[in-house]
Amino acid sequence: MSSETTRANVHTAAEGVAYWQANLNLVKLCLVIWALASFGFGILLRPLVSGIKIGGTDLGFWFAQQGSILVFLVLIFFYAWRMNALDRQYNVDEK
Amino acid sequence: MDQTILNYIVVGLSFALYFGIAIYARAGSTGEFYVAGGGVPPVMNGMATAADWMSAASFISMAGLIATVGYNNSTYLMGWTGGYVLLAMLLAPYLRKFGKFTVPEFIGDRFYSQTARVVAVVCLIVISVTYVIGQMTGVGVTFARFLETDATTGLFIGSGVVFFYAVLGGMKGITYTQVAQYVVLITAYTIPAIFISLNLTGNPVPPLGLFSEHTASGQPLLMQLDQLVTDLGFSAYTSQSGSLLNMTLFTMSLMIGTAGLPHVIIRFFTVPKVSDARWSAGWALVFIALLYLVAPAVGAMARLNVIDTIYRGPISTVESALPYEERPQWIKNWEQTGLITFEDKNGDGRIQYYNDKNAAFNETAQTYGWAGNELTVNNDILVLANPEIANLPGWVVALVAAGGLAAALSTAAGLLLAIASAISHDLIKSVINPRISESGELLAARISMAGAIALATYLGLNPPGFAAQTVALAFGLAAASIFPVLMMGIFSKRVNSTGAIAGMLAGLIITVGYVFTYLGMFFLPGTNLLPNDAANWLFGISPASFGTVGAIVNFAVAYVVSNATEAPPKHIQDLVESVRIPRGAGAATGH
């Protein structure tokens, strides 16, 4: 474990900071969408989108019972795909 | 063939499968017992996580909860899935990189404090024990209805099955049985739903059926349902009522509570790599979503089916209400369990089902000659009764029985492993006897597991009267204590030992205090300080939603206290750096 930790520390400190910052930016973007799909359209912003009808009810109901879950799914896979690419880009991926 | 015999055959086959897996997947080391040797592929771990997470509550109760109030209970759907986004981005990959066996171990190491570790163990045990009670009673109820044994015998059989594969195989045995249990439970859940959806809408995909046209009435299914329930004095299925703030905070509590549940987090310690932990969270949600997208359809369609069974014409005419003597077989079956009850209040021999708590509607009801609601249907039976309501063949009924048991047993096993590993690894190995040998610790882990099963069986047989209320407390505790401290441990280098302990205790105490204020000290009836209703709640926040507030208090206290005290030592800051970077993750170890 210790020798591998050293290998990870070979990168410049600046590179490590940049990798972490890229992760934080990605997490922030995903969490904004996460909140918008559930707390937003599913609950608080439901009146705003109530004009859009779907299957005998409004878009907010769809988001609350179906749309939010589908958005969560896409978000997690998007995050995993982007992060695994960032790992390689910053040379911190697992060998 | 007799239905009970068929139930025995299908349930017996599923148990035989679990036993077979247990013998194949015995644990030979602590690494295998705690984290299945660390070599579980991400898709398989996702499937095991889905079974681990989806409990008797998800399988049996959730569709019923949604059916009763419709839109308002979407909180469960969003809350119990949204937590996986937090888990995937804020916790799982970093904790996997840390590479140890238990959740309290990370808290103890990151905050360089045995006190922090012990506080975390206490939180974990309270959360997991509370949760396991519900699984055990679920096993008892399923046995009582489908296998015509009494609940006590059913509970002993269930405990025996878990004992066999959990004590023998630890996490390794549990992982492979959970994969099998997932297959059983998802098949059992979706088959009846497909037939019901096909029957009502012509669309075989239930989530699409929910938003399709109701064949019999020619209008959208949800519109038809809204109309029927409002005609019976209930509030519209798709409408929102109550406090929006409370709904938001409750959803958030379920989300961060989910992400903070130790038995779910430890599943991510079993995959080979950090990148696998990320994929695995996605796969877990895929398998969970298969049930969670079907559940709201099952809820709405079951509600529609129940009303259509009772009223065969316009509800205002006397003849349309179903005569009690002509009630279908499924109502008779469930009456025997006491979960459906009928009382002929107006003495007309017919069933009237409506909302008699709606004062305005009661006047209309009187003009129909109704004297109160006569049929009480327990929420929990909707899923279990679904195949009978839809007139599906006997083997589907038997499959649902096996599915309910799979959901309860898989979650119980995951919880019991979290409890056992906290006792043998975080208390015995770390605090009581650090010099214990590998084989000694494995034996200690097996004994802890057996003890945890005995305790769970005892509590399942003598459920405390407050079992339902304590589930809210379990989520509140996970949200207010474990989630914030894990997140700060990863995302802040500044939060120190004093701050983390102060934060955990503050979040814990304020949440428990709020819950006890309304539900009674240790849930003892009559010891509550304020009546438990919306008018008395602080800003209209229900005790079940308070975990979010507890989490905010935890974050705030930890931040303030840490900044007023010394920064963590250099090696701890290096530890934080190292969990943030995937490279260098080996298999999980106990050292």
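Quick caveat: nothing in here was measured; it's all calculated off a predicted structure.
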Could you tell me whether B/Arg278 and A/Asp87 have a side-chain N and a carboxylate O separated by less than 4.0 Å?
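Salt bridge present between B/Arg278 and A/Asp87.
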
Which atom of [X] lies closest to which atom of [Y], heavy atoms considered:
X: B/Ala88; Y: A/Tyr79; answer: O-CE2, 3.6 Å
X: A/Gln66; Y: B/Pro207; answer: NE2-O, 2.9 Å
X: B/Ala289; Y: A/Ile69; answer: CB-CG2, 3.8 Å

Comparing B/Leu77, B/Leu293, B/Val85, B/Thr75 against chain A, the one with the most heavy-atom pairs below 4.5 Å turns out to be B/Val85

With chain A as the partner, which of B/Met223, B/His214, B/Lys273, B/Met247 has the greatest number of non-hydrogen pairs under 4.5 Å?
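Heavy-atom pairs under 4.5 Å are most numerous for B/Lys273.
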
Which of the residues A/Phe63, A/Trp81, A/Phe61 is involved in the greatest number of heavy-atom pairs with chain B at under 4.5 angstrom?
A/Phe61

With only heavy atoms counted, which part of [X] is less than 4.5 Å from chain B, the side chain, the backbone, both or neither?
X: A/Leu70; answer: side chain
X: A/Asn84; answer: both
X: A/Thr57; answer: side chain
X: A/Phe72; answer: both

Chain A heavy atoms under 4.5 Å from [X]: which part of the residue, side chain, backbone, both or neither?
X: B/Ser239; result: backbone
X: B/Met255; result: side chain
X: B/Gln240; result: both
X: B/Leu245; result: neither
X: B/Ile66; result: side chain
X: B/Thr238; result: both
X: B/Leu86; result: side chain
X: B/Tyr84; result: both

Nearest 0.5 Å please: distance from the [atom1] atom of [X] over to the [atom2] atom of [Y].
X: A/Gln65; Y: B/Leu222; atom1: CD; atom2: CG; result: 8.0 Å
X: B/Thr248; Y: A/Leu44; atom1: OG1; atom2: CG; result: 4.0 Å
X: A/Tyr19; Y: B/Arg580; atom1: OH; atom2: CZ; result: 11.0 Å
X: A/Asn23; Y: B/Tyr94; atom1: CG; atom2: OH; result: 4.0 Å
X: A/Asp93; Y: B/Ile581; atom1: CG; atom2: CD1; result: 11.5 Å

So, A/Trp34 side chain and B/Gly82 main chain: donor-acceptor pair closer than 3.5 Å or not?
yes

B/Arg583 side chain to A/Glu94 backbone, donor-acceptor under 3.5 Å:
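Side chain of B/Arg583 to backbone of A/Glu94, a donor-acceptor pair under 3.5 Å: no, none is there.
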
On the 0 to 90° scale, with breaks at 30° and 60°, tag the B/Trp283-A/Phe77 ring pair as parallel, tilted or perpendicular.
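Judged by the thresholds at 30° and 60°, the geometry between B/Trp283 and A/Phe77 is perpendicular.
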
Taking the six-membered ring for Trp, are B/Phe491 and A/Trp20 parallel (under 30°), tilted (30 to 60°) or perpendicular (over 60°)?
tilted

Are A/Ile43 and B/Tyr71 packed together at the side-chain level, in the sense that at least one heavy-atom pair is separated by less than 4.5 angstrom?
yes

